[in-house]
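Each remark here refers to the structure printed beneath this line.
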Amino acid sequence: MNVYDSEQIAARLAALGYQQTGILEIADLVIVNTCTIRAKAEQKAFSFLGRLAGLKIKKPGLIIGVGGCVAQQEGEKILRRVPHIDLVFGTQAIDRLPLLIPKIEDKRCRIVDVALTEKSDQPAAFSDRRLDGSVSSFVTIMRGCDNFCTYCVVPHVRGRETSRHPDHILEEIRGLVQSGVKEVTLLGQNVNSYGKKEGLCSFPELLSCVNSIEGLLRIRFTTSHPKDFGSDLINALKTTEKVCDHIHLPVQSGSDRILKRMNRKYTRALYLDKIMELKDTCPGIAVTSDIIVGFPGETEADFNETMDLMKMVEFDGLFAFVYSDRPNAPAVQFKNKISEEKKIKRLQTLLELQENFTRMKNQAQVGSVQPILVEGISKKQSSGSVNRPQPTVQWTGRTSTNKIVNFFHNDNPQNCADIFPGKIVRTKIEKAYAHSLWGKPVEVKSASAGLKGEESYAA
Ligand code: SF4
């Protein structure tokens, strides 16, 4: 969501005449877009802001702004803590940047704007978004959250849940497709409750509308809350052609006692039932999740229940974090905090288990032919893992199940002469690594064919 917000910030600054630069020293304006979901992210933001002091001394006209969730949470305290900051703007103040920045330019004043309102639907104002030529783009479909998990700051820094009107979303996606985007990831804290409060269409209905946009090849979405994840979405995953074979369904813990303390509003049994229905309806779908270890009061028995759940589900991938106290989150007050040492040990144990599953899932792909959406040249193209003469361009893309596949462009020049970002390429998976797959292109597909999942096994 911060990536999406940064794009919006850039678009609004471009409208004021600013251009992006990769060289900090020559910038006239620096915006730091922050995250406060964990303590470490916040520390990093303040450390970076501190380092900007020297730049401001050398260039007194420099304007420095802080946006995002830390700005929303800390407000004017940031001006006191970081004296060289000119602007603090909250999560709903991005639209007001075209007014705030000129005011600072003219009056050299310091401004704090962290007002939160219920209304956060954006009119179709995204046609001016700057794009970097990537084939994939985020699109926010809703903002804020009503769930109040006890460890989480999102409802406090992003406000209550509101959904954007489908017309605005569809208009934005059509604009993105016109500018070359082939894949969108629809964003919300809980996409399953999209439109319910406002009486708009349901999330599966929205998926169906997005699916009909010509030129768009793939649809992803995140995040689904297990309590609202129902059969309608499971069926949409199966039947909606462009929706990818991947779901991110955060479980957070495998212990009912901890889930209750987290205020997650589902049980371990309910989560496992939904996973079973999902896997029955959509065989081959990839499932990833989030887990927090060391939540206050988590015993060895609770932790073992989480490990046990992981063994039952066999996630394709996992984002695992140690619990950290966040300001305003109720769990700050909870007793029986777990020591850092124990938290780290549990995290390592859990990640070791997950690594086995990730490798196993990747290995299972070897021999299959997968449609890959080509994203660009691989960052690791000089990697020595595959013995090839240089210079050979190594490309990268993703399967429908969101696994990274690298391959050489000219492995099959006869059938694959026109590989470039945005193309769907049928690729035979030859090798599996810890975090990626290696393949050989078989054929470049026509725009609309074979967008979903695995096509065949060669052996
Ligand atoms: S569902 Fe829970 S964890 Fe997710 S954003 Fe809302 S409060 Fe935070």
Side-chain angles (χ1 to χ4, degrees), residues 1-5 33-42 68-73 90-92 116 118 120 138-164 185-198 203 220-230 233 247-268 270-271 274-275 287-298 306 309 315 317-334:
M1 199 158 272
N2 268 26
V3 172
Y4 179 85
D5 284 352
N33 193 16
T34 59
C35 171
T36 184
I37 200 80
R38 288 181 294 141
K40 203 169 172 188
E42 189 177 329
C69 293
V70 175
Q72 187 67 48
Q73 178 183 281
T91 51
Q92 290 183 14
L116 279 181
E118 282 289 315
S120 72
F138 294 118
V139 174
T140 286
I141 62 166
M142 56 207 297
R143 292 177 181 275
C145 184
D146 289 347
N147 288 311
F148 292 94
C149 302
T150 54
Y151 53 82
C152 183
V153 289
V154 168
H156 308 282
V157 291
R158 288 199 176 259
R160 296 296 85 76
E161 178 185 292
T162 51
S163 299
R164 294 179 65 200
T185 302
L186 308 179
L187 297 176
Q189 307 297 344
N190 178 13
V191 293
N192 308 106
S193 60
Y194 171 81
K196 284 186 185 160
K197 265 165 89 172
E198 293 82 0
F203 183 59
R220 300 186 186 276
F221 58 86
T222 194
T223 297
S224 281
H225 194 303
K227 79 177 167 63
D228 299 312
F229 181 65
L233 183 54
I247 182 99
H248 185 68
L249 198 61
V251 65
Q252 307 300 6
S253 171
S255 154
D256 279 342
R257 206 178 65 83
I258 296 300
L259 288 172
K260 195 153 190 221
R261 279 167 73 81
M262 288 176 164
N263 194 30
R264 290 291 289 175
K265 304 185 186 97
Y266 54 85
T267 60
R268 167 197 177 91
L270 189 79
Y271 185 89
K274 292 190 181 195
I275 292 287
V287 184
T288 54
S289 195
D290 296 336
I291 287 178
I292 296 172
V293 295
F295 189 77
E298 184 189 70
T306 299
L309 180 137
F315 293 114
L318 186 70
F319 297 92
F321 307 99
V322 293
Y323 168 82
S324 64
D325 275 342
R326 305 308 303 125
N328 301 319
V332 173
Q333 312 293 338
F334 288 8

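As the structure lists them, so they are numbered: ligands from 1, and atoms in each ligand from 1.
For F221 and H248, the distance between ring centers is not under 6.0 angstrom.
One finds a salt bridge joining D5 and R143 here, because a Lys/Arg side-chain nitrogen approaches an Asp/Glu carboxylate oxygen to under 4.0 Å.
Only the side chain of C145 comes within 4.0 Å of ligand 1, judged by heavy-atom distances. The residue P250 has no part lying near ligand 1, judged by heavy-atom distances below 4.0 Å. Proximity of Y151 to ligand 1, defined as any heavy-atom pair under 4.0 Å, is confined to the side chain (atoms from C-beta onward).
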Stepwise side-chain hydrogen bond (donor to acceptor under 3.5 Å, both in side chains) test for S193 and E161
CA-CA 9 Å; S193 60; E161 178 185 292; 3.0 Å; yes
Residues N147, K227; criterion side-chain hydrogen bond (donor to acceptor under 3.5 Å, both in side chains); working and verdict:
CA-CA 10 Å; N147 288 311; K227 79 177 167 63; 3.1 Å; yes
Take D228 and N190, measure what side-chain hydrogen bond (donor to acceptor under 3.5 Å, both in side chains) needs, and give me the verdict at the end.
CA-CA 8 Å; D228 299 312; N190 178 13; 2.7 Å; yes
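The ligand atoms of ligand 1 that sit less than 4.0 angstrom from a heavy atom of H225 are 1 (S). Close approach of ligand 1 to P155 is summarised as follows: ligand atoms under 4.0 Å from at least one heavy atom of the residue are 7 (S). Which parts of ligand 1 touch R264 is read off a 4.0 Å heavy-atom cut-off, strictly below it: atoms 2 (Fe), 3 (S). Atoms of ligand 1 found under 4.0 Å from any heavy atom of C152 (numbered from 1 in listed order, with element): 3 (S), 5 (S), 7 (S), 8 (Fe).
With hydrogens and angles ignored, the 3.5 Å screen pairs no side-chain donor or acceptor of R158 with any backbone N or O of T91.
Considering only non-hydrogen protein atoms, atom 2 (Fe) of ligand 1 sits nearest to C149 SG, 2.3 Å.
The option with the heavy atom closest to atom 5 (S) of ligand 1, from among Q189, E161, K227, is Q189.
Between Q252 and ligand 1 there is no heavy-atom distance shorter than 4.0 Å.
Inspection of the Q189 and T223 side chains reveals no N or O donor paired with an N or O acceptor under 3.5 Å.
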